[in-house]
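See structure below.
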Amino acid sequence: MSELVTTEDKPNRSLTEAFAGKYGVDADKMLHTLTQTAFRGAKITTEQMMALIVVADQYNLNPFTKEIYAFPDKGAIIPVVSVDGWSRIMNSNPEMDGIEFEYSPETVDHHGKKCHEWIDCLIYRKDRSRPIKVREYFDEVKKDSGPWKSHPNRMHRHKTEIQCARIAFGFAGIYDHDEAERIAESFNVVDVTPVEVDNTFNDEQSAFYHQLIKDDNGIEFYVYMTTLPEIVRNDLHNSWPKGHKVKGKDTANALYVKGREEYEKYTHIFATALTEGDTVTIQECASELSEQTIEYLSKELGDEFSSVIMELKKCEE
């Protein structure tokens, strides 16, 4: 999210109007249309709508043509990008310099169709001397439903392309439909349904929140706030005393945006270093971050990153 929208706030008019203006539609009509299209008629909250608009705006994706749509689940939102959307954000990147696929000669049977055991995707960047290469194995990504039965090779290629794009360009916070389903099934979503509870944060959380703002520690603030329940984030955000509430919220919002950008920068650096086997860069950058941030990054970058970090810690000991 580009700001910590609370359940008390109305939709951010400047954002919705700017976003609507990009497509030449009325802001109020746009919200209604998105409810019927991107959210498929589901009952949604202001927070969910704003979350989708922020992500769509960040990646310049068009929700009206289904380049991005929402996967609402248990009061949460998972931004899902279609194949056309992934192609858009890859090809619009100025460093994009081509894409290739390599297919295994070995095949496996899937509902009567011959499928490649693995597919390699190679993405070339103008600022890299070597391509970013990712291999996805069919047995690890296949599903037994929908288009995976009718077009398994195409779906396998799409999965490989998406994972390679994620590493090549550091795309974060967006998913394909299969990933969204798995996230929902594992309950790894942030519940943004308003909940009436008392004392949602303690003194320690409040002190840490204000200390991070005082230190202007963007990435740690972003990770800390992202790992807290939505109701706690909202209450911390609204805990500024009278006379300082507006300025305090603006400061927190700005730091959150700054932190998200820093997080995406580190994600890209680590992903590139993993691809190139550059453990020196990983060690240097990891030393700048807290253990909580490293742990959070590990969830994004996967087991390979976690293994490298563990090995580096052993060497330090």
Side-chain angles (χ1 to χ4, degrees), residues 1-22 27-28 30-31 34-35 39 44-59 63 70 72 75-79 172-174 189-267 289-290 292-293 296:
M1 299 170 63
S2 65
E3 63 175 337
L4 304 179
V5 183
T6 74
T7 55
E8 296 178 358
D9 296 331
K10 296 180 179 180
N12 186 319
R13 295 299 298 180
S14 60
L15 175 60
T16 55
E17 288 173 357
F19 191 76
K22 182 187 298 185
D28 292 328
M30 179 195 72
L31 296 176
L34 286 180
T35 301
F39 284 91
I44 59 170
T45 65
T46 297
E47 289 81 4
Q48 291 173 319
M49 178 64 76
M50 296 306 298
L52 181 73
I53 292 176
V54 166
V55 176
D57 187 60
Q58 177 186 350
Y59 288 104
I77 173 178
I78 306 172
I174 52 178
V189 292
V190 178
D191 192 342
V192 295
T193 303
V195 179
E196 295 295 334
V197 295
D198 296 324
N199 302 319
T200 60
F201 63 86
N202 56 40
D203 292 342
E204 182 179 352
Q205 289 171 321
S206 177
F208 192 49
Y209 168 85
H210 289 286
Q211 187 62 49
L212 290 172
I213 293 175
K214 180 180 179 181
D215 295 340
D216 194 35
N217 194 332
I219 188 169
E220 302 294 345
F221 183 74
Y222 169 77
V223 171
Y224 180 62
M225 296 303 286
T226 304
T227 56
L228 290 175
E230 178 74 10
I231 189 65
V232 177
R233 295 206 301 267
N234 287 345
D235 285 356
L236 281 170
H237 195 52
N238 285 307
S239 66
W240 294 88
K242 290 184 178 180
H244 300 276
K245 190 176 291 289
V246 174
K247 184 177 180 180
K249 285 185 176 183
D250 288 344
T251 301
N253 285 334
L255 188 61
Y256 186 87
V257 172
K258 172 187 173 183
R260 186 194 64 205
E261 293 172 349
E262 291 176 352
Y263 176 82
E264 292 176 352
K265 180 192 73 173
Y266 275 103
T267 300
L289 305 172
S290 70
Q292 183 185 25
T293 297
Y296 193 78

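A donor-acceptor pair under 3.5 Å is absent between the side-chain atoms of Ser206 and the main chain of Asp203, judged by distance alone. Formation of a donor-acceptor pair under 3.5 Å by the Thr293 side chain with backbone atoms of Leu289 is not found in this model. A donor-acceptor pair under 3.5 Å is absent between the side-chain atoms of Lys245 and the main chain of Ser239, judged by distance alone. Side-chain atoms of Asn202 come within 3.5 Å of backbone N or O of Glu204 as a donor-acceptor pair. Although no hydrogens or angles enter the test, the distance criterion places a donor-acceptor pair under 3.5 Å between the side chain of Glu220 and the main chain of Ser290. Although no hydrogens or angles enter the test, the distance criterion places no donor-acceptor pair under 3.5 Å between the side chain of Lys258 and the main chain of Gly218. Looking at Asp57, its side chain never comes within 3.5 Å of a backbone N or O of Ile53 through a donor-acceptor pair. Using a distance-only test at 3.5 Å, with no hydrogens or angles considered, no donor-acceptor pair links the side chain of Glu264 to the main chain of Glu261.
The OH atom of Tyr296 sits 4.5 Å away from atom OG1 of Thr226, with the distance rounded to the nearest 0.5 Å. Annotation: the span from Thr267 atom OG1 to Arg260 atom CZ amounts to 12.0 Å, rounded to 0.5 Å. In this structure, His210 NE2 and Asp215 CG are separated by 13.0 Å, a value rounded to the nearest 0.5 Å.
Between Leu212 and Leu255, the shortest heavy-atom contact is O-CD2, 3.7 Å. For the pair Ile219 and Glu262, the tightest heavy-atom approach, listed with the atom from each and the gap, is N-OE1, 2.9 Å.
Taking 4.5 Å as the limit, some side-chain heavy atom of Val232 sits within range of a side-chain heavy atom of Leu236. By the 4.5 Å heavy-atom criterion applied to side chains, Asn217 and Gln211 are not counted as neighbours. Side-chain contact between Lys247 and Trp240: absent, with no pair of heavy atoms (C-beta onward) separated by less than 4.5 Å.
The aromatic rings of Tyr222 and Tyr263 sit tilted relative to each other, their planes meeting at an angle between 30° and 60°. Between Tyr209 and Phe221, the ring planes are tilted. Angles from 30° to 60° get that label.
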